Amino acid sequence: MPESILLNITVVVMLGIGAQWAAWRFRLPSILLLLLVGFLAGPVLGVLDPQSLRGDWLFAFVSLSIGIILFEGGLSLRLSELREVGSTVFNLITIGVLLTWGLGAAGAYYILEFDVGLSVLIGAILTVTGPTVIVPLLRHVRPKGRVGTIAKWEGITIDPVGAILAVLVLETLILMNDPARAGAGTSAAAEHVAIGLGLEIFVALGISVVATMLLVVILRRRMVPDFLRNPVTLMVVVVAFVVANVLQHESGLLATTLMGIALANQPYVSVQRIIEFKENLQVLLIGSLFVLLSARLEMSALEYIDLRVLIFLGILVVIVRPLAVFVSSFGSNLEWEEKAFLSWLAPRGIVAAAVASLFAYQLRPVYPGAVDGMVPVIFAVIVGTVAIYGLTLAPLARWLDLAEPNPNGLLFVGAAPWVRTVARHVQELGYSVALLDNNPVHVRSAREEGLTAHQGNALSENIVDEITLSGIGHLLITIPNDEVASLTALHFSEVFESTDIYQLAAQPDSRHGGEGVMPGHLRGRPLFGEDTSYQLLKACLNRGDTIEVLTLSDETSDETQEYYSHEDLSNEYEDESVIPLFILRENDTLEIVSETNQFRLRPQDRLLALVGAGTKTRGRDHKTPEVEQTEGDGILEIEESSPEPPDDETADATETS
């Protein structure tokens, strides 16, 4: 028996993590794969026994996990973001919820032909979306402007609101069908709802304030060592959730959400390490929850999925959500494109699945026959909305000009003169460029040169919220300090994937052979090759080297060689004569030169490179007495000339970020 339980746990963890990796690898909505593998492992293949997943322990685990997930979501909410969109967010989680509830209940009653009570409950459950589905979509799309902020706030705060609404409806249904309270009328039910709502808010607010203050005191006074900071935080969150639920049923979700928001906006202790820990824990919890809940379904659940369910899903997507958004945003200054984007963003997630499964279990004595169809319908809506929005939101955002199709833009950390020269050439090729530097002289000079520049410390806790990352897909760390550069790479890992973070070595021996070399896991990918360094590029530009757009010469383009490698260029030119920086692919994708063994220059590609003063390329010969000219005609030719870099400033001596 213990072996079978251990095997089930192992299967759940393996399927949950594996499905999320596959979703990342093939760029699919992770929830779709999680639900699919759970259903296959449960009722289809029998790897997980659905009957063994019907105990009370599962719902306790699910409820606690959702509380932790909402706490993590609350940590990403900054109150300063509400200055411009606060009223719209408030309307969406109040007026929008009521509209969705009412119209969803009407659809469940008239289309799906559920009982009135179950229809009202289904409408309440389907008001929630959640950070488990909203945040990954926003991270994938990266919308411009304020729509991302609105969607993030709505997705996180609507979960406890919708869950509390569903709990109140459930308790009302149980009250009205309780034989011991036969004859309880509408007034009694309304009184019960009002009292319950007041207690939910009172208990959640009180517990969240006390728990947040306790945690701030513990962390600020360093009452626990660093290795216990995250476990102690998790312990306080769990205790707050359980105490709130004991005092008032299902108030724990609101308590943990408020606790996360309060902790994220207090100025006394840093929560960055807590956020990283909770993000890792969230991945494990989300994968396990979706696999467990979908594995509980029976094969007979498919009997409830018919044309009526598809019509109901279409009404939720095409009518209910747009109406809720346009009514909630009435009188706001949102553009019609922003309203259209928000109208096409309401995927249901883990809270809807968990609440539906839990409530079906509790309502089976009240609705012994009808309740069996509620869970399959909710899961069908989850799968349908995730598939529809997940596959179409990015194209819609691009069509509305609210996102770029493939963000090739670059964020340079550091704005020294030579860095600005590189950034200016990339911008002139049509790619988005932004610079971040703590030196006001560098920032002012960058702006005078027509570059977008932000002044701030790259290690500041709020720097990600203060800069605009629309259209930015890669981080290039170009500062003369390896330790600070590595810390910056770690700091921005919550925004950029590790494959999109590049770090330029400060000295030629920073990556190999030098004393005190930073470990590989603390660095970004090599920027401009393993042997290229900050000091090398600075020296090359100071001596007169120029940045040019190069193409393979006509003679080499006609040859049978499929591509040219970095070794081919090294054999043809001296290492310091042609330093590849970026490859401009035929489809306009900007590829950053990193690991030289992966360098592939095809005949149709263009190369943005630092060309030495003594390099002989077709189209122009650079000759200076100081640098010996390379023999041979070369395999590259200059496509066009770029402006010469500006004179170095006195600020060059104080290069820093």
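Both backbone and side-chain heavy atoms feed into the values below; hydrogens, waters and symmetry mates do not. What you see is a predicted model; the values in this text were computed from it and never measured.
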Where is the tightest heavy-atom contact between S119 and A108, given as atom of each residue plus distance?
OG-C, 3.5 Å
Less than 4.5 Å apart, any side-chain heavy atom of V37 and any of F290?
no
Test L292 against V12 for side-chain contact (heavy atoms from CB on, under 4.5 Å), laying out the working first.
CA-CA 7 Å; L292 285 171; V12 168; 3.7 Å; yes
Step through the shown structure and confirm whether more than 12 heavy atoms of other residues, nucleotides or ligands are within 6.0 Å of CH2 on W101.
no
If we only count heavy atoms from C-beta on, is the L126 to F312 side-chain gap below 4.5 Å?
yes
Within the side chain of S594, is there an N or O that forms a donor-acceptor pair under 3.5 Å with the backbone of P526?
yes
Gap between atom CD of E591 and atom NE2 of H474 - 0.5 Å precision
9.0 Å
CG-CD1 distance between L284 and I68, expressed to the nearest 0.5 angstrom
10.5 Å
Can you give me the closest heavy-atom contact between P43 and S294, atom names plus distance?
CD-O, 4.2 Å
Hey, does F71 have a side-chain heavy atom less than 4.5 Å from the side chain of T233?
yes
Ignoring hydrogens, what is the shortest heavy-atom contact between S63 and N245? Give both atom names and the distance.
OG-ND2, 4.1 Å
Within the distance-only criterion (no hydrogens, no angle test), does the side chain of E154 pair as donor or acceptor with the backbone N or O of A151 below 3.5 angstrom?
no
Residue pair I477 / F492, side-chain heavy-atom distance below 4.5 Å
no
Derivation of the side-chain contact (heavy atoms from CB on, under 4.5 Å) call for V309 and Y304
CA-CA 8 Å; V309 175; Y304 296 94; 5.9 Å; no
With rounding to the nearest 0.5 Å, note down the distance linking CH2 in W344 to CG in L393.
10.0 Å
Could you tell me whether the side chain of T212 and the main chain of V209 form a donor-acceptor pair under 3.5 Å?
no
Contact summary for A41 and L15, nearest pair of heavy atoms:
CB-CD1, 3.5 Å
R308 atom CZ, over 12 foreign heavy atoms within 6.0 Å:
yes
Separation of I382 CD1 from I125 CD1 (nearest 0.5 Å)
9.5 Å
Per side chain to side chain contact (heavy atoms under 4.5 Å, CB included), T100 is matched among T127, I158, T129 by T127
Please walk me through it: do V232 and M223 pass side-chain contact (heavy atoms from CB on, under 4.5 Å)?
CA-CA 10 Å; V232 167; M223 300 172 66; over 6 Å; no
I'd like to know whether L263 forms a side-chain contact (heavy atoms from CB on, under 4.5 Å) with V216, so could you lay out the CA-CA distance, the side-chain angles of the two residues, the decisive distance to 0.1 Å, and finally the verdict.
CA-CA 8 Å; L263 196 62; V216 169; 3.9 Å; yes
Do L316 and T385 come close enough that some side-chain heavy atom pair is under 4.5 Å?
no
Is Q248 reaching over with its side chain to a backbone N or O of A244, donor-acceptor style, under 3.5 angstrom?
no
Donor-acceptor pair, side chain of R221 and main chain of L219, under 3.5 angstrom
no
Please check: side-chain N/O of E200 versus main-chain N/O of S251, any donor-acceptor pairing under 3.5 Å?
yes
Heavy atoms, side chains only, cut-off 4.5 Å: are I69 and L289 in contact?
yes
To the closest 0.5 Å, what do you measure between CG (L396) and CG (L391)?
13.0 Å
State, with a plain yes or no, whether a side-chain heavy atom of L253 is found less than 4.5 Å away from one of F241.
yes
How far apart are the closest heavy atoms of L345 and R321, and which atoms are they?
O-NH2, 3.1 Å
Is there a side-chain contact between I592 and R525 in this structure, where contact means two heavy atoms from C-beta onward sitting under 4.5 Å apart?
no
What pair of heavy atoms forms the shortest contact from I134 to G155, and how long is it?
CG1-CA, 4.1 Å
How long is the gap from CD1 on I207 to CE on M259, to the nearest 0.5 Å?
10.5 Å
Output yes when a side-chain donor or acceptor of T256 lies under 3.5 Å from a complementary backbone atom of L70, and no otherwise.
no
